[in-house]
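Notes follow once the structure below has been shown.
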Amino acid sequence: MKNIFTSYIKNIKGFDCNIKLYLATVFISNLGFGAFRAVFNLYILSMDMTPAFLGIVLSLTPFAAAIASIPIGFLAEKIGYKRSFLLVNFVIGSAYFMQIISPNQTLIMSGAFLAGLAACGNFIIQLPFVSHYAKENKNQAYTLMSLVFMLGNSIGALVGGSIFSWVNKLFTNEALSYRVILAFFSLIIVAGCIPLFFMDENRPTAHKKISLSPYLKGIDVTTVKFAAVEIFIGFGLAFVALFLNVIFVYYFNSSLEMFGIMSAVLVIPAIFLLFTGPSIAEKITGLRVVLISRFISILLTLMVVLTQNVYIGSGAYILYRSLLGLSQSLWFAFAISLATKRSRMATAAWLEITFQIGLGIAALVGGRLIASESYLMLGILSSTATAVSFLLTYLFFGRKKAQSQAG
């Protein structure tokens, strides 16, 4: 483990300055995203809005992301990485602020939709960006990106969940207390833009021809396969992750503070797996690590809500998210390695589109399940979707790889 850690530190020092700056942005902005993950659902319910309305709000962001993914990818190719990241992160922070500045439902839904239009850009631009600047260290760069994402998200959730009781004592109004916390963290998201100003411009060459062909009629079969798998990964994640704070408070009969603590503890196994993952992948291949992780996750997603014991549910979720962070970082590196240079942005766009469609549908269905207190069904649907993602990954990629090695 010490050798792995030393190797990581060495590689981080050797990373291009642009990647280091983007890692700073990922960490800062995810402090805000983590706080929203902890507090936002409970903020909506504290205003006596229905779980069905919450499901609609949560679905608007991923549906908007699915709509915007191809235009965002095309725009990024036109204006370059720096200006794309700046635009995306500023709009996201502003959109999150829109969702909490007023109890007006139209404004909340508009903010959720606007956030989705921009949020897809981070993922779509990130994959070719890392591939461009990390070169042969892609696996470690994607893994480190996942680690920083999870670290910022967990700290944000811990702080957001922990300070609620203090803020509520000051304002003596639950909805207002949530709003104050969320307003502060929406500004943190905007502050994540600051490191981006120091990145290289990397403007595309003036005469470079950028075509929509790789996105639409020229889409290759490999991209279609990756996209098909990703929709079920979105399903599997959304049914438990989008409503986890609600599950904690209303199903486990626990507290927001406990949710924050769980989010912080999540970092420990995540760090271990993300640090050791690339080394394991070198020995047994990244695809096998992905397959093993998804197979184990079939049981873990069900265990999250199988009992009303907060410790069993928390433990299952922590392991599931740790494995998901590891497997997705390797999965993205695998996807980009198979994509041609011309189609990398398109591959990233379609991975985002189908993932977000999965999130959006699951949010709508999940909101209705929460309204009827069908918490166990959330786990059953999540587990089923995870099983399908495992089977498709094996059929599309794992079986072929196994046959070629046997040959």
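- Gly236 approaches Val240 most closely through the heavy-atom pair O-CG2, 4.0 Å.
- Of the possible donor and acceptor atoms, one in the side chain of Ser154 sits under 3.5 Å from a partner among the backbone N and O of Ser263.
- With no hydrogens or angles considered, a side-chain donor-acceptor pair links Arg294 and Gln328 at under 3.5 Å.
- Side-chain N or O atoms of Ser337 include one that pairs as donor or acceptor with a backbone N or O of Phe334 at under 3.5 Å.
- Between the Ser372 side chain and the Arg368 main chain, a donor and an acceptor come within less than 3.5 Å of each other.
- Results of the side-chain contact (heavy atoms from CB on, under 4.5 Å) test with Asn41 over Val246, Val249, Ile370, Leu244 single out Val246 as the only residue that passes.
- Ring-plane geometry between Tyr394 and Phe390 is classed as parallel, the angle between the planes falling under 30 degrees on a 0 to 90 degree scale with a further cut at 60.
- Within a 6.0 Å sphere centred on CZ of Phe53, other residues, nucleotides and ligands contribute more than 12 heavy atoms.
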Point to revise | Steps toward side-chain contact (heavy atoms from CB on, under 4.5 Å) verdict (Thr301, Ser383) | key: CA-CA 5 Å; Thr301 47; Ser383 179; 3.5 Å; yes
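- In this structure, the separation between CD1 on Ile292 and CG on Leu287 is 10.0 Å, given to the nearest 0.5 Å.
- For Phe85 and Phe129, the ring centers sit closer than 6.0 Å to each other.
- Considering OH of Tyr251 and CG of Leu378, their distance stands at 9.5 Å, rounded to 0.5 Å.
- Between Ile92 and Ala119, the shortest heavy-atom distance links the atoms CD1-CA, 3.5 Å.
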Exercise for review: Could you give me the CA-CA distance, side-chain angles and deciding distance for Ile298 and Leu302, then say whether side-chain contact (heavy atoms from CB on, under 4.5 Å) is met?
Suggested key: CA-CA 7 Å; Ile298 296 170; Leu302 180 60; over 6 Å; no
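- Under the 3.5 Å distance criterion, the side-chain polar atoms of Ser389 are left unmatched by any main-chain donor or acceptor of Val229.
- Closest approach of Ile188 and Ile28 over heavy atoms only: CG2-O, 3.3 Å.
- With rounding to the nearest 0.5 Å, the separation of CH2 in Trp331 from CG in Leu291 is 8.5 Å.
- Pairing each heavy atom of Ala157 with each of Ala38, the nearest pair is O-CB, 3.8 Å.
- Taken to the nearest 0.5 Å, the OG atom of Ser29 stands 8.0 Å off from the CG atom of Leu31.
- A donor-acceptor contact shorter than 3.5 Å links the side chain of Ser46 to the backbone of Tyr43.
- Annotation: side chain of Leu176 is in contact with side chain of Arg179 (closest heavy-atom distance under 4.5 Å).
- The side-chain heavy atoms of Glu352 and Ile72, taken from C-beta on, include no pair separated by under 4.5 Å.
- Ring pair Phe252/Phe248 is perpendicular by interplanar angle, where above 60° counts as perpendicular and below 30° as parallel.
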Exercise for review: Please lay out, stage by stage, how Leu54 and Met49 fare under the test side-chain contact (heavy atoms from CB on, under 4.5 Å).
Suggested key: CA-CA 7 Å; Leu54 173 62; Met49 297 179 187; over 6 Å; no
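- The shortest side-chain heavy-atom distance between Leu381 and Phe235 does not fall under the 4.5 Å cut-off.
- No donor-acceptor contact under 3.5 angstrom links the side chains of Glu373 and Tyr250, judged on distance only.
- Note that CD1 of Ile318 is 12.0 Å distant from CG of Leu323, once rounded to the nearest 0.5 Å.
- Remark: aromatic rings of Phe33 and Tyr96 are close, center separation under 6.0 Å.
- Aromatic rings from Phe226 and Phe397 are positioned such that their centres are separated by under 6.0 Å.
- Looking at Lys82 and Asp200, their side chains never come closer than 4.5 Å, going by heavy atoms from C-beta outward.
- Note that CD1 of Ile125 is 7.5 Å distant from OH of Tyr22, once rounded to the nearest 0.5 Å.
- Under the 4.5 Å side-chain criterion, counting only non-hydrogen atoms from C-beta, Met98 is not in contact with Phe113.
- No side-chain heavy atom of Ile312 sits less than 4.5 Å from a side-chain heavy atom of Leu306.
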Exercise for review: Given side-chain contact (heavy atoms from CB on, under 4.5 Å), test Met47 with Ile108 step by step and report yes or no.
Suggested key: CA-CA 12 Å; Met47 296 185 289; Ile108 292 170; 4.2 Å; yes
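- The shortest side-chain heavy-atom distance between Thr384 and Phe239 does not fall under the 4.5 Å cut-off.
- Counting all heavy atoms, side chain and backbone alike, Ala335 lies closest to Leu351 at CB-CD1, 4.0 Å.
- Of the N and O atoms on the side chains of Glu230 and Trp350, not one donor lies less than 3.5 Å from an acceptor on the other residue.
- Tyr81 is listed as a side-chain neighbour of Pro128, based on a closest heavy-atom distance under 4.5 Å.
- Judged by distance alone, the side chain of Ser59 and the main-chain N or O of Ile56 form a donor-acceptor pair under 3.5 Å.
- Counting non-hydrogen atoms of neighbouring residues, nucleotides and ligands closer than 6.0 angstrom, the CE atom of Met258 exceeds 12 such neighbours.
- For the residue pair Gly160 and Val39, the shortest heavy atom distance occurs at O-CG2, 3.8 Å.
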